[in-house]
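The shown structure was predicted, so the numbers you read here are calculated from the model rather than taken from an experiment. Below, all heavy atoms of this structure are taken into account, side chains as well, without hydrogens, waters or symmetry copies. The chains referred to below are lettered A, B, ... by the order of the sequence lines, with proteins before strands, and numbering in each begins at 1.
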Amino acid sequence: MINITLPDGAVKQYEAGVSALDVAVSISEGLARKVLAAKVNDEVWDLSRPINNDASLKLLTWNDVEGKATFWHSSAHLMAEALEAVYPGVKLGIGPAIEKGFYYDIDLGDRQITEEDLRKIEVKMAELAKTNSKYERKDVSKEDAVKYFTEKGDEYKLELIEGLKDGEITFYSQGGFTDLCRGPHIPSTSFIKAVKLTSIAGAYWRGDEKRKMLTRIYGVTFPNQKELDEYVLLLEEAKKRDHRKLGKELELFTFSEKVGLGLPLWLPKGAMLRERLQQFLQKAQLETGYLPVITPHIGHKNLYITSGHYEKYGKDSFQPIKTPQEGEEFFLKPMNCPHHCEIYKAIPRSYKDLPLRLAEFGTVYRYEQHGELHGLTRVRGFTQDDAHLFCRPDQVKDEFKKVIDLVLYVFKSLSFENYTAQISLRDKDDRSKYIGTDENWEIAEQAIIEASAEKGLSTVIEYGEAAFYGPKLDFMVKDAIGRKWQLGTIQVDYNLPERFELTYVGEDNGKHRPVMIHRAPFGSMERFIALLIEHCAGKFPLWLAPTQATVLPISDKYIEYAKRVEQLLKAKDIRATVDDRNEKIGKKIREAEMNKVPYMLVVGEKEMQDEKVSLRKQAKGDIGMKSVNETIELLNEEIESKRAFE
RNA sequence: GCUGUUGUAGCUCAGGGGUAGAGCACUUCCUUGGUAAGGAAGAGGUCGUGAGUUCAAUUCUCAUCAACAGCUCCA
């Protein structure tokens with residue numbers, strides 16, 4: 001007999017060799033029908049796999065992340081089976097589950113598939129799913145595995161097998177389809193009740209842009225049709241929040257091919273929003289000891305030779321600006337750090353001056369790959385809410401913690417609650433791409449890990465994601481359709497102080513090298529605002545709304561009064577407008593609602609008589625008649641509180 | 001940069017080998033209306049750009065540019 005520990009701590013005894021499915025059956029029939037896979041000692045297993053020793057067991061259903069992943073992984077196999085049926089001779093790359101669904105990379109040879117073909121494949125998948133084929137696991141020797149895929153003529157699978165050790169190769173089969181796979185899988189195809197193949201795209205084999213591009217088919221499946229319908233609805237809703245769409249509708253920003261790709265033009269309302277955000281952070285930074293500086297938009301070539309950026313990015317970036325002076329070249333600044341290093345150097349620094357925190361909303365230009373440009377989230381000209389902290393090595397951790405506080409303050413103020421904090425460290429194996437001593441890297445990596453822990457941040461560690469000059473802590477936020485973007489960032493840099501020969505005089509009267517911390521709580525104004533737009537679906541909190549209130553006269557007769565109310569609001573720093581068009585009140589309200597103006601002040605005969613307005617809140621409706629003064633107080637209280645717009 | 005899809009009025013989109021249409025927005029007039037679209041008239045496009053096929057191209061073919069999705073990249 002063996003002991004199986006369940007998640008609630010209960011320990012039950014079973015015969016050795018019991019399967020997770022047996023355990024599920026012993027608990028309840030209903031559970032046994034729902035269960036997809038099982039977590040055995042923290043490893044996800046097939047339900048049918050025998051458990052021979054004492055173990056902890058968690059039964060995974062559709063409600064578990066791992067349950068869904070298993071379901072989608074099995075769906076990828078089902079799609080592969082359908083693809084082989086529809087396109088005989090298709091070669092298969094890899095087909096994993098992803099956050100929302102799955103994909104399979106395939107080589108179709110000379111054939112091409114279109115969106116309509118996806119419908120055919122969906123039908124085939126549904127048909128195969130109904131056959132209720134079991135997913136069966138089989139251990140295979142390397143020799144047999146190679147033989148199988150050689151006969152099948154699938155060079156991609158053969159390449160994958162090459163990287164595997166004999167004795168740890170498994171095949172999974174369902175229906176007439178067999179795939180090289182570690183597993184695990186759901187018990188049978190009949191669990192898959194609803195199928196949607198979402199898109200076709202190209203993807204390099206093994207993510208290497210020098211290798212062949214395969215066709216990637218994305219899909220998602222569900223255990224019932226209702227969930228699929230809900231998912232489709234959710235996607236449609238998400239698309240309405242897209243910052244590119246809202247940016248156009250709310251007249252926040254635009255792009256012009258004539259001005260240039262990836263160079264945003266901020267319209268008056270967008271500029272208003274952006275300036276509010278900038279002032280908000282500036283205030284917080286002044287309170288925490290940052291010193292504003294201003295530097296030019298270009299820098300001499302020598303600046304970037306010193307910084308090392310010329311060598312690393314010179315050819316792939318905006319090309320130099322020439323001057324009448326023969327051989328003289330300037331670059332548009334791709335970052336603010338070198339300029340700030342020169343500010344540091346302008347004056348001899350003592351250990352007593354540190355940390356020195358130089359802050360600048362600095363606009364930079366980077367020639368991003370054409371295919372990378374994306375709304376405001378990836379552009380070629382953007383403004384960083386940049387600052388560089390020059391400090392002594394013993395101050396790094398403390399400074400780091402202060403920056404974490406600032407980033408969290410910013411996120412909290414804008415109610416970004418669903419962020420992830422990612423610590424990016426060096427690649428575990430390949431260390432050739434990093435500069436600086438192992439010792440300094442160790443210190444910096446430790447400082448970040450400790451500072452994050454002491455601040456109670458729950459972080460994920462990503463190896464190989466560090467910048468070439470130092471480790472970093474990034475704050476990632478998802479956009480409307482689930483793509484992750486980096487917003488706030490804190491990076492430790494031992495490189496630039498070295499290259500610029502920055503020093504300070506220590507207590508010992510000797511010269512020492514400061515450590516530099518790059519940090520940007522927003523990341524960039526552009527990207528932050530993009531995510532903010534999607535986060536609040538264009539309904540900005542009152543303190544940020546470009547127009548905070550609009551006065552809507554019932555008819556021409558009240559325009560004069562409406563303008564007086566507008567002036568009273570403006571005198572109290574409320575951004576107000578008047579809709580004095582010759583339109584009915586219903587239409588004015590409708591448009592103000594669609595423009596997401598937080599407050600509407602309806603004025604007519606009744607209001608004009610005793611300095612009142614009928615107040616209406618966007619998405620909430622009429623909230624009754626109030627005096628102008630009451631209204632101003634109400635709005636200003638909300639502005640002060642920086643409340644999120646509910 | 002790579003693969004695929006798309007490109008018609010300011011916006012959202014329909015159409016289709018014989019030089020174009022809707023709704024919204026815009027302009028003018030009527031209307032002075034109390035909480036999500038009042039009515040009428042008008043203006044607006046050589047159908048992304050260039051070439052080819054054709055008696056004829058916005059429609060077919062090729063190239064190119066841009067947008068979108070994904071990949072690669074991201075100081």
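- Residue A/Arg206 is classed as having no contact, given no heavy-atom separation below 4.0 Å to the nucleic acid.
- Judged purely by distance below 3.5 Å, without hydrogens or angles, the side chains of A/Thr489 and A/Asp474 pair a donor atom with an acceptor atom.
- Tested against A/Glu99, the residues A/Lys68, A/Arg483, A/Lys484, A/Lys478 include a single salt bridge (Lys or Arg N to Asp or Glu O under 4.0 Å) partner, A/Lys478.
- Rounded to whole Å, the separation between the C1' atoms of B/C65 and B/G33 comes to 50 Å.
- Within the structure, salt bridge (charged side-chain N to carboxylate O under 4.0 Å, His left out) pairs that include any residue of residues 293-314 of chain A comprise A/Lys301-A/Glu329 (at least two apart or interchain).
- Between A/His309 and A/Tyr304, the ring planes are perpendicular. Angles over 60° get that label, and only those under 30° would be called parallel.
- No contact: A/His518 has no heavy atom under 4.0 Å from any strand.
- For a distance-only test at 3.5 Å, the side chain of A/Arg380 fails to qualify as a donor-acceptor partner of the base of B/C74.
- Geometrically, A/Arg380 engages A/Tyr367 in a cation-pi contact, judged by NZ or CZ lying under 6.0 Å from the ring centre and within 45° of the ring axis.
- A salt bridge does not link A/Lys239 to A/Asp242: none of the charged nitrogens lies less than 4.0 Å from a carboxylate oxygen.
- Side-chain contact check for A/Gln491 and A/Tyr469: at least one donor-acceptor pair (N or O, by modelled atom type) lies under 3.5 Å.
- A/Gly308 comes within 4.0 angstrom of no nucleic acid atom, judged by non-hydrogen atoms across all strands.
- Interface remark: the A/Arg366 side chain does not form any donor-acceptor pair with the B/C74 base, using a distance-only criterion of under 3.5 Å.
- The cationic atom of A/Arg211 (NZ for Lys, CZ for Arg) does not lie both less than 6.0 Å from the six-membered ring centre of A/Tyr204 and within 45° of the ring axis.
- Taking the side chain of A/Arg483 as heavy atoms from C-beta on, and the options B/C74, B/G1, B/A69, the nearest nucleotide is B/A69.
- Remark: RNA chain B forms stems of 3 or more consecutive Watson-Crick or G-U wobble pairs, all pair distances under 3.5 Å, at B:1-7 with B:65-71, B:10-13 with B:21-24, B:26-30 with B:38-42, B:48-52 with B:60-64.
- By the 30° and 60° cut-offs, the orientation of the rings of A/His388 relative to A/Phe390 is tilted.
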- request: Give the B/S/- string for nucleotides 28-47 of chain B, one per nucleotide from 5' to 3', where a protein heavy atom under 4.0 Å of the base yields B, of only the sugar-phosphate yields S, and otherwise -.
  value: --BBBBBBBBB---------
Which atom pairs link the protein and nucleotides 2-4 of chain B when you take only N or O atoms and keep those under 3.5 Å?
from, atom 1, to, atom 2, distance (Å)
B/C2, O4', A/Tyr204, OH, 3.3
B/U3, O2, A/Gly202, N, 3.4
B/G4, OP1, A/Gln112, NE2, 3.1

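- With P as the reference atom, B/A40 and B/A22 are 14 Å apart, rounded to whole Å.
- A/Trp485 and A/Asp479 share a side-chain donor-acceptor pair at under 3.5 Å.
- Of the residues in residues 240-268 of chain A, those placing a heavy atom less than 4.0 Å from an atom of RNA chain B are A/Arg244, A/Lys248, A/Glu257, A/Leu261, in numerical order.
- A donor-acceptor contact under 3.5 angstrom links the side chains of A/Thr295 and A/Lys333, judged on distance only.
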- prompt: Can A/Tyr103 and A/Ile217 be said to form a side-chain contact (heavy atoms from CB on, under 4.5 Å), step by step?
  reply: CA-CA 5 Å; A/Tyr103 67 78; A/Ile217 303 178; over 6 Å; no
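- The aromatic rings of A/His243 and A/Phe253 sit tilted, their planes meeting at an angle between 30° and 60°.
- Residue-to-nucleotide proximity on RNA chain B shows that, of A/Glu209 and A/Ser199, the 5′-proximal contact is made by A/Ser199.
- Residues satisfying the ring-ring contact (aromatic ring centres under 6.0 Å, His included) criterion with A/Phe331, sequence neighbours excluded, are A/Tyr310.
- Across all strands shown, A/Tyr469 has heavy atoms under 4.0 Å from sugar-phosphate atoms exclusively, and none from any base.
- Note on A/His370: every side-chain N or O is 4.0 Å or more away from OP1 and OP2 of B/C73.
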